[in-house]
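Hydrogens, waters and symmetry mates are skipped; everything else that's a heavy atom, side chains included, is used. In what follows, chains are A, B, ... by sequence order, proteins preceding strands, each numbered from 1.
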Amino acid sequence: MRGARPGFLTKMLFLNAGLVLWAAHFGFVYGLTGVVCARGLGTAWPAAVPFVVAFATVVAAGLSLVVLFAAVLGRGPGIAGEPDPALRVFWRSVTGGVAVFGFVAIVWSGLPAVLIRPCA
Amino acid sequence: MTATVHKTPRAEERTGPAGLPNPAPRPEGEIEALKHVWRAPKGLNFITVVNNTYVGLFYVGTAFLFFILAGILALIMRTQLAVPQADIVSQGTYNQLFTMHGTMMMFLFAVPAVEAMGVYLLPNMQAARDLPFPRLSAYAFWAYFFGGLAFFCSLLFQVAPDTGWFMYPPLTGTKYSPGINADFWLLGIGFIEISAIAGAIEIIVGVLKTRAPGMSLDKLPVYAWAMLVFAALIVFAFPAVILCTLLLEIERAFGWPFFIAEKGGSAMLWQHLFWFFGHPEVYIIFLPAAGMVSMMVPTIAQTPLVGYRLVVLAIVATGFFSFGVWVHHMFATGIPQLSLSFFSAASMAVSVPSGIQVFAWIATIANGRLQLTTPALFILGFLFIFTLGGLTGVMVGMVPFDWQVHDTYFVVAHFHYVLIGGMVFPLFAAFYYWTPLASRKPLSEKLGRWVFGLMFVGMNVTFFPMHLTGLIGMPRRVYTYPAGLGWDWLNMTSTIGAFMIAAGVALFLFDLVRRFRITEDNAGNIWNAGTLEWLPSGDYANRSIPRVTSREPLWDQPHLAADVEAGRYYLPNAPTGGRETIVTSPITAEPQYVVQMPGPSWATVLGAFFTAAFFILLTVKLVIPAIVCAVIAVGMVIWWLWDTDPGPAQATVDIGGGIRLPTYVTGPMSHSWWAMVVLLMVAGTLYACLLFSYLFLWTVSPDVWPKPDALPELPWPLLPAVLYAASSLAVVLASRSLRRVPAGGAGAAGVWPMRIALAAAIPLVVAAVATDLAAQSGTGLQPTESAYGAVVYMFVSLQGFYAVVLVLMGVFTLARSLAGKLDGVRRGTFDNTMLLWHFAVVQGLVGLAVTALFPRLVGG
Amino acid sequence: MARSSIIDDVFSGLQSALAPAGPNASGIAELSWIMFAAAAVIFVVVMVFLAAAILLPPGRRGWLSGQGVVIAGGIVFPVVVLTALLVYGLALARTLVREDTPDTLRIHVIGEQFWWRVRYEREGEGDEIVTANEIHVPTGRPIRFLLTTRDVIHSFWIPSLAGKLDMIPGQTNGLTLAVERPGVYRGQCAEFCGGAHALMAFDVVAHAPADFAAWREAQLRRAVEPATPLLARGRELFLAAGCGACHAVRGTPATGSIGPDLTHVGSRRSIAAGSFPNNQGTLAGWIADSQHLKPSNRMPSFPVFSGEDLRAVAAYLESLK
């Protein structure tokens with residue numbers, strides 16, 4: 001389990017990286033909006049929300065693209081160094097697919113920030 | 001920690017004389033010995049059986065029984081609603097009927113049914129002899145069986161829950177629901193949820209650790225993928241509902257105001273927790289069904305699934321997205337629109353994976369040649385109904401549209417399309433498809449067409465008009481309605497359809513009674529399927545455990561069935577003299593060790609019975625008998641666990657092909673370690689939900705949060721923190737000294753340092769909780785005075801619960817040491833205790849930090 | 001009741017979301033029709049694909065059998081369509097949530113098991129108006145409903161005017177809408193709120209601005225004095241039986257606030273929260289046996305009245321126009 005080769009957990013985490021990023025982004029933007037609006041933190045905070053959400057969206061979407069490129073290039077835990085070619089192809093395509101899904105969902109989550117006024 | 005890890009052989013080349021691991025013919029008496037080891041008990045003892053094929057069938061049968069009972073409730077409701085102002089049932093009865101219909105369909109039928117199919121199918125599909133914890137699945141089944149029946153019986157005494165399956169407070173608080181109806185829900189369902197979690201742990205470890213050698217994750221049957229994600233969803237979703245039912249029951253019993261607005265509680269907290277469970281629940285039900293469809297479609301089209309990787313991707317993505325949509329049940333609660341929009345976006349995202357699967361099935365059908373058998377009909381019906389349900393699902397994901405249709409018959413139509421289409425039709429397809437595995441005769445194809453026709457037409461006649469009923473204004477959960485709003489003929493149509501569905505189900509039952517006969521001599525692979533569950537099998541599952549090289553081994557490996565049956569593959573015998581199966585590595589499925597598994601025991605059945613009795617007696621407020629039952633139940637579990645950590649039967653055994661595997665392993669490779677880690681994920685999620693509750697209540701009612709000077713003085717929280725740390729340290733020391741205890745050397749003096757360290761840890765952890773409690777109550781804080789008090793004491797109470805469990809486990813571990821059943825090798829019990837110990841300590845430290853620091857941070 | 005046609009039920013139903021009478025509901029109705037049409041097309045296309053996969057000769061369905069169709073139909077197409085839908089829905093949602101303007105009429109609606117308490121904020125010289133189960137509004141002017149609850153969660157829903165919004169303990173939810181044309185629109189509680197949830201409806205009566213002013217004028221008046229001996233006897237019995245402990249009739253000693261204000265109960269279209277038409281017969285029946293007509297509502301049945309007395313009380317209430 002231990003040693004030079006990445007373990008089960010690392011491999012699984014990388015396989016799911018795109019959607020883990022989505023979950024982190026989602027939790028962050030929802031939590032931020034929720035706390036800012038529920039606690040009525042003046043006007044400066046709500047005004048900042050769209051920009052913070054947009055920034056978080058760019059960062060998370062960018063990271064999901066990094067994962068996608070890593071998968072395309074055959075890098076990353078579970079792909080690089082996997083001796084079984086069928087398993088390597090599998091890990092690579094699922095990692096890449098998950099990253100694509102993560103990317104789309106992150107962008108969708110970010111869209112409302114441009115269109116909807118916070119706390120209304 | 002990894003002392004017992006053996007280098008795993010990775011060797012297709014190491015094969016027996018015929019190119020296969022073991023020579024045939026097999027020695028005289030081997031098959032008889034295998035049969036003897038795996039035989040089901042006879043007579044009355046038969047109910048103690050633990051083999052997955054029997055428990056799985058009991059489980060499916062019970063779930064189906066609840067489907068019929070809850071369906072009958074629906075027929076009564078539809079009769080009442082057939083015409084306006086009808087008087088078939090009273091308002092009070094109707095409210096119980098719809099609450100019980102929803103609750104039973106969700107908790108007593110849908111989740112148990114898909115879990116049951118998993119228990120039945122997974123080991124067979126993965127060519128394991130059984131799931132890794134047979135007694136746990138038996139316990140989960142019996143707990144569900146007894147608990148579910150008792151829950152249903154509340155209806156017969158007119159004390160059934162009557163506040164809707166989502167049990168919104170404050171309606172469910174004591175002020176508006178003083179009777180025991182709500183308690184039946186909270187305790188009854190809370191308890192059945194525990195059984196679901198037990199099953200989920202079993203399934204995760206089963207899928208990841210007990211597969212046919214060579215079945216690496218890229219060759220895993222789609223159904224196993226679906227069940228893996230299903231179980232993961234249970235692990236992360238069910239704790240939320242367990243927590244909210246716990247909080248509400250505590251509010252009802254002791255007046256801790258978690259959900260009472262006047263005291264700083266919030267009705268919205270319930271909704272967040274409930275739907276954080278409630279939406280993934282839909283996918284918990286759907287994913288296994290979709291997984292079954294992905295197994296059946298290739299068979300009925302006689303060609304491998306198109307887009308296997310895309311389907312796996314879809315299943316994984318559904319699992320994730322399902323956690324981002326819970327607020328879409330709360331669009332009309334006045335949450336700021338931006339927040340709603342995030343959930344709207346996620347609701348869009350979650351529909352994409354379903355589209356992938358639908359197109360993968362269509363492509364597979366196009367690629368092959370569809371045989372229009374009964375399972376095929378149900379699958380086509382499923383595609384029709386589910387596609388419609390998915391499209392209306394996208395609609396209700398749009399916030400403004402949902403403001404109109406939320407809580408109307410449109411939504412009733414939508415989720416019945418999704419659930420009947422997405423789960424009941426695949427399940428019926430599965431009944432027809434897999435019956436030949438269990439029964440001597442398959443079900444009738446001729447009657448099957450009628451069953452399908454009645455159910456399909458009936459389903460659409462019932463639910464399609466409901467879209468319109470809702471759009472023209474009819475809310476759900478009304479026991480009657482006025483004439484003249486245009487709802488009359490729509491309701492009459494729906495009622496007629498409901499009876500058509502009932503006729504279809506009745507016909508199915510007739511066929512079942514006529515033709516379904518459980519037998520070891522089953523009808524076999526009548527559909528020419530390609531996956532391993534269709535290998536010839538008996539009580540011992542497969543004669544030998546094959547090495548697979550593709551996703552459809554029966555199609556791609558000629559003679560596989562014959563070779564397996566002849567015992568030419570791995571482990572054709574029972575070398576340790578007990579029940580065993582091969583444990584494999586989680587990704588590549590290379591054999592790691594042979595696990596010795598426990599057999600039948602009354603402890604599981606009786607333990608489940610007394611656990612159920614405890615919960616039911618508590619509901620009806622018979623506290624003393626309830627406590628007696630709880631003590632007996634704990635005793636039963638201890639009896640059951642006493643012989644489940646067997647130690648190595650022999651150093652290694654030969655499973656064939658030159659592979660010698662150990663018979664006992666501890667540490668991160670062992671199945672028991674994995675199960676414990678999954679359990680800790682459940683516990684951690686529960687705790688995360690409690691932390692969320694604390695923060696949520698603060699955002700709603702900051703005014704009940706104390707000023708820093710009303711908190712325990714800062715040194716106070718440090719004392720329990722030090723005690724917690726000390727108890728963990730003692731367990732670490734115990735672990736180190738245990739490593740030095742030689743196998744079988746229990747009598748030697750060397751065992752005492754371990755015993756002393758572990759014995760010291762017990763009072764330390766108890767003292768940690770006690771000092772924490774003293775510090776909080778020292779400030780005069782009462783749990784009943786505000787939501788703040790309630791949630792702080794909830795932190796302490798949860799730690800108190802863990803302390804009790806740790807005391808029990810600590811004493812149990814010491815007892816095993818004294819009985820000579822614990823040493824440096826045979827230490828599985830100790831490891832589990834240790835894992836939970838450290839977890840509880842970390843959790844306690846987090847709780848101390850939050851309760852001591854957060855009010856100071858925000859209130860300073 | 002004459003059997004109405006399907007078309008009437010849908011497009012001019014009293015409680016139909018597809019018979020919009022204001023901008024909120026028509027915006028949503030438009031979105032609904034777009035989605036229904038799109039869903040119908042998508043559904044038919046998917047079913048045609050499925051039929052082609054089964055029925056076309058094997059040689060002619062190869063285009064349907066590869067991973068390409070899964071990616072195109074299962075990923076690319078939904079992502080494009082859903083992105084468009086999401087943007088459209090968000091833009092629509094933005095227009096449905098509006099700020100108060102100076103001419104906004106503010107009406108508090110308080111959900112109770114199982115009826116609606118309605119309170120109009122004072123405007124100009126006028127006092128506030130308290131009424132129940134019937135909301136009168138002017139057309140062509142923004143109306144802001146401030147929604148709260150006195151007990152459990154209810155949901156305020158007038159399908160022809162707007163989507164629903166919940167009434168939740170500890171919070172006030174605001175819903176701003178406008179009505180385009182005079183008429184009666186039926187609303188109903190949409191969140192299960194206990195026993196008689198099914199019998200918790202109300203009417204919204206929209207007037208042209210002048211008519212609304214007249215209604216308001218009338219509501220501000222105290223209750224009319226009994227004009228006949230029968231009505232006087234009715235008032236006497238009403239007060240003697242203790243009805244005033246729960247109900248208020250302004251201008252009389254009845255000042256209770258547990259149940260609906262009855263000062264102008266005779267002017268309302270229905271009784272028992274939209275459950276029965278309002279006339280002497282139903283009023284009498286309600287007083288005598290409210291627990292049978294609407295089980296678990298908070299008003300006890302009053303079987304103590306003789307038939308004659310009951311008629312007097314009912315007649316008195318009906319006279320409170």
Side-chain angles (χ1 to χ4, degrees), chain B residues 90-92 95 164 168 170-171 176 261 266-268 306-307 310 332-334 337 341 344-345 348 351-352 355-356 358-360 362-363 365-367 369-370 380 383-384 387-388 391-392 394-395 398-401 403-404 406-408 468 471-473 475 477-481 483-486, chain C residues 1 4 9-10 13-18 27-28 31-32 35 39 42-43 46-47 49-50 53-54 58 61 64-67 69-70 73-75 78-79 82 86 89-90 92-93 96-97 151-153 155 159 163-166 168-171 173 188 190-198 295:
Chain B
S90 71
Q91 168 184 297
N95 293 345
Y168 278 2
L171 181 60
Y176 302 103
S266 167
M268 295 298 288
V306 173
L310 286 166
T333 56
Q337 217 175 1
S341 307
S344 192
M348 303 289 117
S351 64
V352 177
I356 294 183
V358 167
F359 276 93
I362 292 179
I365 293 172
N367 197 36
R369 199 182 169 74
L370 186 80
L380 295 178
L383 283 169
F384 181 96
T387 305
L388 258 175
L391 289 166
T392 53
V394 173
M395 295 181 196
M398 297 298 291
V399 177
F401 183 78
W403 285 337
Q404 282 288 20
H406 177 70
D407 272 337
T408 70
L468 197 56
L471 283 166
I472 62 175
R477 304 170 155 196
V478 289
Y479 79 98
T480 191
Y481 56 93
L485 291 168
Chain C
M1 175 104 218
S4 54
D9 291 339
V10 174
L14 269 184
Q15 198 166 319
S16 171
L18 299 176
I28 298 175
L31 169 69
S32 311
M35 290 198 300
I42 294 171
F43 179 72
V46 173
M47 288 306 115
F49 279 12
L50 180 60
I54 301 167
R61 59 186 195 225
L64 248 180
S65 64
Q67 277 208 39
V69 76
V70 183
I75 302 180
V79 168
L82 291 173
L86 188 64
L90 292 175
L92 173 68
L96 294 183
V97 173
D151 38 52
V152 302
I153 300 175
S155 192
K164 60 186 67 64
L165 192 56
D166 292 351
I168 295 171
Q171 68 187 65
N173 283 337
Q188 190 167 358
E191 182 63 76
F192 183 72
C193 57
H197 163 66

[X] versus chain B, the contacting section by heavy-atom distance below 4.5 Å:
X	answer
C:Gln188	side chain
C:Pro295	both
C:Asp166	both
C:Met47	side chain
C:Ile168	side chain
C:Leu18	both

Residue [X] versus chain C: region with a heavy atom under 4.5 Å:
X	result
B:Phe401	both
B:Val352	both
B:Leu310	side chain
B:Met395	both
B:Thr392	neither
B:Tyr176	side chain
B:Thr408	side chain

Of the listed residues ([options]), which shares the most heavy-atom pairs with chain B below a 4.5 Å separation?
options	value
C:Leu14, C:Ile54, C:Leu90	C:Ile54
C:Gly13, C:Pro78, C:Ser32	C:Ser32
C:Ser65, C:Ala39, C:Gly163	C:Ser65
C:Gly73, C:Gly66, C:Pro58	C:Gly73
C:Ala93, C:Pro169, C:Gly170	C:Ala93
C:Gly195, C:Gly89, C:Ala196, C:Cys193	C:Gly195

[X] side chain near [Y] side chain, heavy-atom distance below 4.5 Å:
X	Y	result
C:Ser155	B:Asp407	no
C:Val10	B:Leu471	no
B:Ser344	C:Leu86	yes
C:Leu50	B:Thr387	no
B:Tyr168	C:Phe192	no

In terms of heavy-atom pairs under 4.5 Å with chain C, which of [options] leads?
options	result
B:Gly92, B:Gly355, B:Ala332, B:Ala345	B:Ala332
B:Leu383, B:Leu370, B:Val358, B:Ile365	B:Ile365
B:Gly307, B:Pro170, B:Ser351	B:Pro170

**Message:** Is it the case that the side chain of C:Gln171 and the backbone of B:Ser266 share a donor-acceptor pair, with hydrogens and angles ignored and the cut-off at 3.5 Å?
**Reply:**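 Here the side-chain-to-backbone pair does not exist.
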
Q. Can any side-chain N or O of C:Lys164 pair as donor or acceptor with the backbone N or O of B:His406 at less than 3.5 Å?
A.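 Yes; at least one donor-acceptor contact below 3.5 Å.
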
Minimum heavy-atom distance [X]-[Y], with the two atoms named:
X	Y	value
B:Ala363	C:Val69	CB-CG1, 3.8 Å
B:Gly334	C:Leu165	N-CD1, 3.8 Å
C:Phe43	B:Leu391	CB-CD1, 3.7 Å
C:Arg61	B:Arg369	NH2-CA, 3.9 Å
C:Ile153	B:Ala267	CD1-CB, 4.0 Å
B:Ile472	C:Asp9	CG2-O, 3.8 Å

